[in-house]
K.L.:
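Below: one structure in structure tokens.
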2 protein chains.
Amino acid sequence: MATILIVEDEADIRELVRFHLEREGYAVLEAADGPDGLEKAQTHLPQCVILDVMLPGMDGFEVCRRLASGETTAQIPVLLLTARGEEVDRVVGLSLGADDYVVKPFSVRELMLRVKAILRRTEQGSRAPSLSRNGIVLDGVAHCVSVDGAMINLTATEFRLLEDLMRHPGAVRTREQLLNTVWGYSFEGYARTVDTHVRRLRQKLGDKADMVETVRGVGYRLHA
Amino acid sequence: MATILIVEDEADIRELVRFHLEREGYAVLEAADGPDGLEKAQTHLPQCVILDVMLPGMDGFEVCRRLASGETTAQIPVLLLTARGEEVDRVVGLSLGADDYVVKPFSVRELMLRVKAILRRTEQGSRAPSLSRNGIVLDGVAHCVSVDGAMINLTATEFRLLEDLMRHPGAVRTREQLLNTVWGYSFEGYARTVDTHVRRLRQKLGDKADMVETVRGVGYRLHA
DNA sequence: TGGCATGGTTACAATTCCGTGACAAGCAAT
DNA sequence: ATTGCTTGTCACGGAATTGTAACCATGCCA
């Protein structure tokens, strides 16, 4: 998943934020001062930088400015952490290309939501909104599926299952893989649950049912 | 290019907005209080006014009202800046003649997009940023909603909820997304609060209630 | 042909999810 | 103080969804 760099001199805040970011599934890098943060950003190219304004060595604005002027780092979104009363600073920082800011003391929950929002914004271009294969069209935005132009009504699980298969057209997906992506890693259940859902999916696909092929002894596959 | 007047008492926010506007190539005028803003608007007739609600001297609502009633200034589009809280409700509740509003703290990127959208509209002569879909018309200027021509009376929350759905026609909005945009990032509450408001909205939509579709296990969607 | 493994089919109970009504707190106007 | 409106929360109940198990069907091997 996405990598996030947090540049903050106070170790306990770093810890706190890291804990919550990792719980959300992000990979986390830490830096305790400006130069270190800048260097880690340049070498690791994280998807987002959480940047404190008050930093030893080089302050947040300077880091921000250098990130914005660097060829490879210019696209990295920055979320600034500012103390209340540093409003002037916040402006300067924002003028330098930061995407958002949170005022300290902040709510961790809110910080997480903003990070997610930033990541959603930036990955929007790369994400294919609709998948289609041989008359089956899956629209991820509208969350609906049509077969030869006719809408069919899938449940949430069936939708995710079909989505996974269509993201890997022609490739075999083992039951294990499907359980991990469709049901999530925390699911501890019977592998043959997949079979039941494949059956329900096939039923709803009507005469396109055989697009979902069985690979005996391995798993399932969307016909290429 | 276009001239834009920003009326805002906090110097740092003025700075921030000016920086970005100028980077986009606009000419920028500044005013720090209501009377000054009104006067600069009347003498310079800018193409757009960005107007803070909380102002010394004369509040943004009053400025807005006077701009709308002035012969020469009535055509100038206004974008309101408001703090989250009761003010948003007042903006939504009142018919002020504002063209759009942005809630503080705002994303600079979003503000720029809205300014551009307003200027694009006025260039083309088309004014009302009213959203309409299958007989439901949401008028962003008057902050009112009609169903098949008949006005209905929505509360502020219901209005913002419908606004979010109509800005993404056909797209599923998860409860989390709706909470973030309609209630704000700092809202820490029960996700099913959304359900209740959807229900109230549907009630008021009358026979157009099924325009707001439930996508079971995912969220809600405006019928495309 | 039989034995085994694998997947298809069906049924069902448990669970999840959503619509609904009720309610109390907060707030504005009176 | 009272009234009315808005808003967030909760509990209940019906309906859809889901995981599991049992039972069949089929393919593969000797």
Side-chain angles (χ1 to χ4, degrees), chain A residues 109 143-145 152-162 164-165 172-176 178-206 209-221, chain B residues 61 83-94 143-145 152-162 164-165 172-176 178-206 209-221:
Chain A
R109 189 191 130 80
H143 213 272
C144 61
V145 176
I152 60 173
N153 198 5
L154 298 188
T155 70
T157 307
E158 288 156 7
F159 186 89
R160 289 198 303 273
L161 176 59
L162 180 60
D164 182 283
L165 291 172
V172 183
R173 306 290 289 161
T174 67
R175 290 185 177 75
E176 290 299 318
L178 291 169
L179 283 176
N180 285 342
T181 61
V182 177
W183 278 263
Y185 289 100
S186 53
F187 179 80
E188 295 179 16
Y190 195 35
R192 293 217 41 206
T193 296
V194 177
D195 297 31
T196 304
H197 283 269
V198 166
R199 167 156 182 293
R200 290 171 181 155
L201 179 58
R202 280 173 173 158
Q203 232 169 14
K204 296 191 181 177
L205 288 178
D210 43 8
M211 282 292 291
V212 180
E213 299 174 322
T214 303
V215 182
R216 202 180 166 80
V218 188
Y220 294 95
R221 169 178 63 192
Chain B
F61 296 125
R84 186 165 288 284
E86 324 85 55
E87 282 185 18
V88 182
D89 300 350
R90 276 206 284 162
V91 172
V92 171
L94 294 176
H143 289 292
C144 62
V145 176
I152 60 172
N153 195 9
L154 297 188
T155 69
T157 308
E158 289 154 7
F159 185 89
R160 289 200 301 276
L161 176 59
L162 181 60
D164 183 284
L165 291 172
V172 179
R173 307 289 290 159
T174 66
R175 291 185 176 72
E176 286 68 32
L178 291 169
L179 284 177
N180 287 344
T181 60
V182 177
W183 280 263
Y185 291 107
S186 48
F187 178 81
E188 301 189 13
Y190 194 35
R192 295 226 26 216
T193 295
V194 176
D195 297 32
T196 302
H197 284 270
V198 165
R199 173 169 158 279
R200 290 170 182 156
L201 180 58
R202 279 175 174 159
Q203 249 170 3
K204 297 191 180 178
L205 288 178
D210 42 8
M211 283 293 290
V212 180
E213 300 173 320
T214 303
V215 182
R216 191 167 234 278
V218 187
Y220 293 97
R221 170 178 63 192

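A, B, ... follow the sequence lines: proteins, then strands. Residue 1 opens every chain. Since the model is a prediction, treat every value here as computed from it, not as a measurement.
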K.L.:
Between B:Arg175 (CZ) and C:dT16 (C1'), how many Å, whole number?
P.N.:
12 Å
K.L.:
Could you write nucleotides 17-30 of chain D as a row of B, S and -, 5' to 3', where a protein heavy atom under 4.0 Å of any base atom gives B, of only sugar-phosphate atoms gives S, and otherwise -?
P.N.:
SBBB------B---
K.L.:
How long is the gap from CG on B:Leu162 to CG on B:Leu154, to the nearest 0.5 Å?
P.N.:
6.5 Å
K.L.:
My understanding is that only residues two or more places apart in sequence, or in another chain, count here; which of them pass side-chain contact (heavy atoms from CB on, under 4.5 Å) with A:Glu176?
P.N.:
A:Thr174
K.L.:
How would you list, by chain and number, every residue that makes a side-chain contact (heavy atoms from CB on, under 4.5 Å) with B:Arg200, sequence neighbours excluded?
P.N.:
B:Glu158, B:Thr196, B:His197
K.L.:
Want to settle it: does B:Tyr220 or A:Asp195 sit nearer the 5' end of DNA chain C, counting the closest nucleotide to each?
P.N.:
A:Asp195
K.L.:
Could you state the CD-P distance from B:Gln203 to C:dT20, rounded to the nearest angstrom?
P.N.:
8 Å
K.L.:
Measure from CG on A:Asp210 to C1' on C:dG8 and round the result to the nearest Å.
P.N.:
15 Å
K.L.:
Using whole Å, report how far CG of B:Leu178 lies from C1' of D:dG8.
P.N.:
16 Å
K.L.:
Who pairs with B:Gln203 by side-chain contact (heavy atoms from CB on, under 4.5 Å), at least two apart in sequence or on another chain?
P.N.:
B:Arg199
K.L.:
Can you sort out the partners of A:Arg221 under side-chain contact (heavy atoms from CB on, under 4.5 Å), two or more places apart, ordered by chain and number?
P.N.:
A:Val172, A:Glu213, A:Val215
K.L.:
Apply ring pair (Phe, Tyr, Trp, His ring centres under 6.0 Å) to A:Phe159 and list each qualifying residue two or more places apart in sequence or on a separate chain.
P.N.:
A:His143
K.L.:
When the C1' atoms of the five terminal pairs at each end define the local axes, what inter-axis angle does the helix from C:dT1-D:dA30 to C:dT30-D:dA1 show, to 10 degrees?
P.N.:
30°
K.L.:
Distance-only check: which donor-acceptor pairs under 3.5 Å involve side-chain atoms of residues 178-185 of chain A, not counting sequence neighbours?
P.N.:
unit_1   : atom_1 : unit_2   : atom_2 : d
A:Thr181 : OG1    : A:Asp164 : OD2    : 2.6
A:Thr181 : OG1    : A:Gln177 : O      : 3.3

K.L.:
Under 4.0 Å: is that the gap between some side-chain N or O of B:Thr214 and OP1 or OP2 of C:dC17?
P.N.:
no
K.L.:
Return all side-chain donor-acceptor pairs below 3.5 angstrom for residues 187-194 of chain B, not counting sequence neighbours, or 'none' if the list is empty.
P.N.:
unit_1   : atom_1 : unit_2   : atom_2 : d
B:Arg192 : NE     : B:Asp195 : OD2    : 3.1
B:Arg192 : NH2    : B:Asp195 : OD2    : 3.4
B:Thr193 : OG1    : B:Tyr190 : O      : 3.0

K.L.:
Nearest whole Å is fine: how far is D:dA11 P from B:Arg199 CZ?
P.N.:
17 Å
